[in-house]
Amino acid sequence: MAANKRKGRFAGPASMHVKKSTAGTSNEISLSVLDELKSRADDAWGEGDPKVKLGDLSLFTVKPRSPRAGVPPESRPCAPAPSQGASARHRRAASRLQRARERALVDPEREIRRRKKNRRLRRAAAVALSVCACCLLAGSGALWLANEYECEQERLATLDRAFDEMEKADALILSMDDAVMADASELSFDDMDAVRRGIDDADMHLNAACAFAEDAASSLKDETAAEAAGRVGVSADARRRMMQYAAALLTADREAKAAVDAAQECWSLVLEADGHMKRAASLVADTTTENIDASQESTDEAAALLSQAQGRLDDALRECPSADFSALSAYIAKRIEQNEYASSSNRAIRVQDKATAESWNDRYNRADAEAIELAAALPAKPAQPVLDALDAQTAETRSLYADARKRAAESDAFIRDYLGQSGS
């Protein structure tokens, strides 16, 4: 009997149970068997039973269990009453479900096609959304790369401005370097003043170059360009040191310039006096009265010039006491002595004292030979004693200048290589 009851239960409405989790399979809804289910339900309960209708059956859920027997309704646990918003959502969901059931009952195959189409649309929408997201990310990345490239180009342009400022400074520093490498005898006061003004202008260009290089180096991505920007600061610092030492050297040159000019003027006077002495000697070859007078006039002119030369030599010694003018001083003294012998010989000839004239003439010739020997010991430049003293005074400063010049050249070598690479 119990077996028959169980058999009867499985032959009844429970046989209408619809399989769960069938999305995407061939029996997703199994609406094609609805007619079969309807027929089996009619057979189970009988067509004459007015209380059972197919529309009352749940197609997508298991029929809810009846309340527990023997438990009065008032003693059953009460579920919390749903809120008004939740009830509205439940009603809308139930309404959508009911409409889906009605469509499925009317045309099951059409409902299957509709749901498959919706799934395809949802998948296509998901794919399109994914593609859009990828495109958006790619576009954002491309925009970021373009912006980075533009910023890098701006930073490189700033670095180029630094190099331009360095080039403008070098135009002035090169003239400064030429002045430092030359000796004081080759420079005028105007040349020195022009170099001093150029140093001030070069310093402004170096400051601008450092500012541009620091601005570019702070965010440059290219490591070689960043190092080149750093080398701008090194080169600028070396150039500032060069200018500092050059200013000290030019100041020393300016102070020595007076002694140099006095020594050069002294030698010019000596050469002019030597010309007058040679003319006087040639005139007495024919001892006429007119020639003797002309010879004496040239001798006196030579004496005046030699006196002036000695005075300018004294001026040079006062301007540069450490200069060794002993050779030039001895030469001038010998020429003055020789010129006095010529004057004494002319007086003896005028009174026709031949023996005395010949005696003074012999002394003149010996003094001339001694003057020639002294001339061999003279430096190539009359101001060389001043220049030697100046070199000894500024030796340390010149060494520091040479070191700064070497550092600048080493740093510039890297910048030249970078500019050659970036320009290729």
Side-chain angles (χ1 to χ4, degrees), residues 178-193 195 249-284 294-346 363-395 398:
D178 291 339
V180 171
M181 292 302 171
D183 58 51
S185 63
E186 300 174 357
L187 296 175
S188 65
F189 287 112
D190 291 339
D191 294 335
M192 295 180 185
D193 292 339
V195 171
L249 292 173
L250 290 174
T251 298
D253 287 347
R254 191 180 186 90
E255 293 174 352
K257 181 63 176 174
V260 169
D261 291 345
Q264 290 179 332
E265 187 177 351
C266 169
W267 183 247
S268 297
L269 293 170
V270 169
L271 293 178
E272 187 177 357
D274 187 67
H276 285 285
M277 293 175 64
K278 290 179 179 179
R279 180 174 180 270
S282 64
L283 287 172
V284 296
S295 175
Q296 187 59 44
E297 183 179 350
S298 293
T299 300
D300 293 341
E301 187 66 27
L305 291 172
L306 289 172
S307 178
Q308 294 177 26
Q310 184 62 55
R312 293 302 289 157
L313 183 60
D314 293 340
D315 293 339
L317 284 170
R318 281 194 298 270
E319 294 292 339
C320 185
S322 58
D324 183 9
F325 282 112
S326 57
L328 181 56
S329 179
Y331 180 79
I332 293 173
K334 183 58 65 176
R335 285 301 188 186
I336 291 173
E337 178 186 348
Q338 180 185 359
N339 194 59
E340 290 176 352
Y341 294 150
S343 181
S344 299
S345 177
N346 288 336
R363 293 180 182 180
Y364 175 91
N365 291 333
R366 287 195 298 270
D368 184 61
E370 293 172 359
I372 293 173
E373 291 179 2
L374 291 174
L378 292 176
K381 295 180 179 180
Q384 192 61 49
V386 179
L387 301 179
D388 292 342
L390 182 62
D391 287 342
Q393 176 185 346
T394 60
R398 288 186 182 277

(message) With a 3.5 Å distance limit and no angle check, can you tell me whether D183 reaches the backbone of E186 through a side-chain donor-acceptor pair?
(response) yes

(message) Treating T394 as the side-chain partner and L390 as the backbone partner, does any N or O pair qualify as donor plus acceptor under 3.5 Å?
(response) yes

(message) Counting C-beta onward and ignoring hydrogens, is there a side-chain heavy-atom pair between Y341 and N365 closer than 4.5 Å?
(response) no

(request) State, to 0.1 Å, how close A302 and H276 come at their nearest heavy-atom pair, and which atoms those are. (result) CB-CB, 3.8 Å

(message) Just verifying a value: how many Å separate D300 CG and L305 CG, rounded to the nearest 0.5 Å?
(response) 11.0 Å

(message) Give me the atom names and distance for the closest heavy-atom approach of A377 to A327.
(response) O-CB, 4.2 Å

(message) Please find the pair of heavy atoms, one from I332 and one from C266, that lie closest to each other, and give the distance.
(response) CD1-SG, 3.5 Å

(request) Could you pull out the closest heavy-atom pair between V195 and A179, with the gap in Å? (result) CG2-CB, 3.8 Å

(message) In the structure I gave you, are the side-chain heavy atoms of Y364 and V284 within less than 4.5 Å of one another anywhere?
(response) no

(message) As an exercise, state the distance from CD of Q308 to CD of E272, rounded to the nearest 0.5 Å.
(response) 8.0 Å

(message) Any carboxylate oxygen within less than 4.0 angstrom of a Lys/Arg side-chain nitrogen, looking at D368 and R335?
(response) yes

(message) When you compare the side chain of K381 with that of S185, does any pair of heavy atoms fall below 4.5 Å?
(response) yes

(message) Side chains of V180 and R398, heavy atoms from C-beta outward: is any pair under 4.5 Å?
(response) yes

(request) Any chance you could measure N339, atom CG, to S344, atom OG, to the nearest 0.5 Å? (result) 10.0 Å

(message) Taking the basic N atoms (NZ, or NE/NH1/NH2) and the acidic carboxylate oxygens, is any pair closer than 4.0 Å for E340 and R363?
(response) no

(message) Pairing donors with acceptors under 3.5 angstrom, does anything connect the side chains of N346 and S343?
(response) no

(message) Can you tell me if E297 has over 12 outside heavy atoms packed within less than 6.0 Å of its CD?
(response) no

(message) Is the shortest side-chain heavy-atom distance between L328 and P385 below 4.5 Å?
(response) no

(request) Any chance you could measure I372, atom CD1, to Y331, atom OH, to the nearest 0.5 Å? (result) 8.0 Å

(message) Closer than 3.5 angstrom, by distance alone: can the side chain of T299 be matched with the main-chain N or O of S295 as a donor-acceptor pair?
(response) yes

(message) I need the minimum non-hydrogen distance between P382 and F325, along with the two atoms involved.
(response) O-CE2, 3.5 Å

(request) Could you tell me whether the side chain of K257 and the main chain of L187 form a donor-acceptor pair under 3.5 Å? (result) yes

(request) Answer yes or no: is there a side-chain heavy-atom contact under 4.5 Å between D193 and R254? (result) yes

(request) Report the distance from atom CG of D253 to atom CE of M192, rounding to the nearest 0.5 Å. (result) 5.0 Å

(request) Please lay out, stage by stage, how D324 and S326 fare under the test side-chain hydrogen bond (donor to acceptor under 3.5 Å, both in side chains). (result) CA-CA 6 Å; D324 183 9; S326 57; 2.9 Å; yes

(request) Specify the closest pair of heavy atoms between A383 and V260, including all atoms of both residues, with the distance to one decimal. (result) CB-CG1, 3.7 Å

(message) Nearest 0.5 Å, please: how far is CG in L306 from CD in Q338?
(response) 9.5 Å

